[in-house]
Number of protein chains: 2
Amino acid sequence: MKNTIRKERKKEIISGMYELSRREGLENVSIAKIGKHLGMPPSLVMHYFPNKRLLILGLIDHILHQYQLIYKPIISKLEKNPRVDPELLVERLFSREWNLLFDDGVFFSCYAFIFRDQSIKKEYKNLHVKLRVTLKNLLDKDEVLVSGDTGLLAEKIFVVIEGAYYYLSMMDEAREYDQKLELFKNQVYDLIYAEINRIQSGKGMYSSGG
Amino acid sequence: MKNTIRKERKKEIISGMYELSRREGLENVSIAKIGKHLGMPPSLVMHYFPNKRLLILGLIDHILHQYQLIYKPIISKLEKNPRVDPELLVERLFSREWNLLFDDGVFFSCYAFIFRDQSIKKEYKNLHVKLRVTLKNLLDKDEVLVSGDTGLLAEKIFVVIEGAYYYLSMMDEAREYDQKLELFKNQVYDLIYAEINRIQSGKGMYSSGG
DNA sequence: TTTAATATTGAATGAATATTCAATAAATAA
DNA sequence: TTATTTATTGAATATTCATTCAATATTAAA
C-alpha cells in the first residue's frame, strides 16, 4: 500500500526532528539538518511536510502522544487494584522512569507555542484534560472516594504534579531534587486523605469541596 | 558618564527585543530585526551584545526581573497587615493584573532554555527560590503560622500557583478559566487552613508536616 | 587643544534559511 | 504492457542569518 510508506516516512522525519531537537534544541533545527540527519534531501522532507509549520505541528503531535504513553503503564498498573492505594498512586504518578524516554526541553519549547498558536493550544489542553479524566476514572474505582468529588480531586492532584515538574526541572543536585519531590508527594497524599476524611465525616471540614 | 549611555543603550536593545519576541515569538527574532525595530544598524546591536547568546541572556535577565517586579506590589500590600489574611493572600497571589505587563509566551520560550543552559537554569531557580523565601517571610509575620513550618507551606503554595498558571494558560473560555482559577485558590486556602489546624491541634492530623 | 576611548554608521561577508522546480526512479492501477 | 501516481533526487532560488570591518562621529580625559 502506498499509504504505508508515506506514513512511515512521515514518522521517520518527525522522529529525526525530535532527536535533533533533543540534542541541539528546537530553535536550532532546520529542514536541511533534518534531511542530513536522515540521509535524504531537504526537498523530500518538504514533500511530506510542505512547510515548516506542518513540521512543527507534526512534532507536537508526536510529543503529546509520547507524553500520553508515559502515563499508560502507570495507569494500567493502578487499574488492577480494586481500591486506590494512595501511596502507590502517588509513587506512580511521580515516577520519573519516563525521564529516559521523554525530553522536557522539547516539550516546553513546544509548549511555548500555545501562546501564539490556537490549534497547538487546543492540542495541549486536550491532552491535559484527558489525563485528568483518566485519573478521575481511576479514583472512581475506589469505594470510598467514588462518593466524593473525584473530578475535583484529580484536578488538584495534577496541578501539584505539573507545578512540581516545572519547579523540579530547575534543580541540579539530586539530594535537593529528592527532598522537594518528597514534599510534593506528601502534598498529594494530603489531598487524598483530606478527601477521604471529608467523605467519612460526612461534612466538609475545610472550605473546599464544592 | 560614558557608562550611562552604554547601560541605557543595552536596556533599550533588550526592551526592543522583548517587544519583538512578544509580537512575533522569540524564535522569529533576529539581530537585524531588533536593529530595524529600534532604528539602528545591526552592527550597533552587536557592539553591545557581541553575540546572540549574550542577547538572549540579557533578555532572560530582563524577564526574570520583570517577573519579580510583578510580585513586589502584591507582597508589599500584604506586608502591611499584621496578620495573614488567607483570603487576601490568595486573592493577591493569584491576581492576574500582571497579565497586561507580562508575556507568558516569552517567559516560557526562555524557560525552555534551562534544559540546555546551566547558567540560565540557575537564574530561573534563584528567582523561584527567592519568591518562596519572600512568601515564607510573609507567613512568618502571622502569630499562629510562625510556629508552624512556613517554609514548607510556602513551597506547597507556590507549586499550586505555578502548576495553575501552566494549566490555565491552555484555557480559552473566560468562564472555564475563572472556574479553574477558583478551584486552585481553594486548594491554596486549604493548605493554609490545614496548617493552622495542625498547629492549633498541636499535632499533625495528616501525614505531612515534617 | 590634543589624545584616547567609545558610539555609530554602512557596506560586505559567507553560511544557512525555507522553499521551488524539473527530472528521474519506483510502485501501482489500468 | 502502458499509463498514472507517488517517491526521490539534486540543483537553484531569493532571503535572511549572525558576524566582521573599516570609516566616521562623538564624547571624555590629558
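Numbered from 1 within each chain, the chains take letters A, B, ... in sequence-line order.
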Inspect the contact between K11(A) and E8(A) and indicate whether a charged nitrogen and a carboxylate oxygen are less than 4.0 angstrom apart.
no
Please determine, by modelled atom types, if D140(B) and T150(B) share a side-chain donor-acceptor pair under 3.5 angstrom.
yes
Do any side-chain atoms of residues 33-44 of chain A form donor-acceptor pairs under 3.5 angstrom with protein atoms, and if so which ones, sequence neighbours left out?
residue: K33(A); atom: NZ; partner: N28(A); partner atom: O; Å: 2.7
residue: H37(A); atom: NE2; partner: E19(A); partner atom: OE1; Å: 2.9

Check residues 111-119 of chain A and write down every donor-acceptor pair under 3.5 Å in which the side-chain atom is one partner and the other belongs to a residue at least two apart or another chain.
residue: Y111(A); atom: OH; partner: Y166(B); partner atom: O; Å: 2.7
residue: R116(A); atom: NH1; partner: E24(B); partner atom: O; Å: 3.4
residue: D117(A); atom: OD1; partner: S119(A); partner atom: N; Å: 3.0
residue: D117(A); atom: OD1; partner: S119(A); partner atom: OG; Å: 3.0
residue: D117(A); atom: OD1; partner: I120(A); partner atom: N; Å: 3.1
residue: D117(A); atom: OD2; partner: R53(A); partner atom: NH1; Å: 2.2
residue: Q118(A); atom: NE2; partner: D172(B); partner atom: OD1; Å: 2.6
residue: Q118(A); atom: NE2; partner: D172(B); partner atom: OD2; Å: 3.1

Could you tell me the separation between the NZ atom of K7(B) and the P atom of dT6(C), rounded to a whole number of Å?
15 Å
Send over the distance from I5(B) CD1 to dA25(D) C1', rounded to a whole Å.
12 Å
If you compare every side-chain N and O of Y48(B) against the phosphate oxygens of dT8(C) (OP1, OP2), does one of them come in below 4.0 Å?
yes
For nucleotides 9-25 of chain C, 5' to 3', base contacts (B), sugar-phosphate-only contacts (S) and non-contacts (-) with protein non-hydrogen atoms under 4.0 Å give BB------SSBBB----
What verdict does the side-chain contact (heavy atoms from CB on, under 4.5 Å) test give for L69(B) and K72(B), after you've listed the backbone C-alpha separation in whole Å, the side-chain angles of each residue and the deciding distance to 0.1 Å?
CA-CA 5 Å; L69(B) 284 185; K72(B) 236 179 187 166; 4.2 Å; yes
Nearest-Å distance for atom pair CG/P, residues L38(A) and dA7(D):
16 Å
Considering just the side-chain nitrogens and oxygens of R6(A), establish if one lies under 4.0 Å of OP1 or OP2 belonging to dT6(D).
no
Charged tip of K180(A) within 45° of Y167(A) ring normal and under 6.0 Å
no
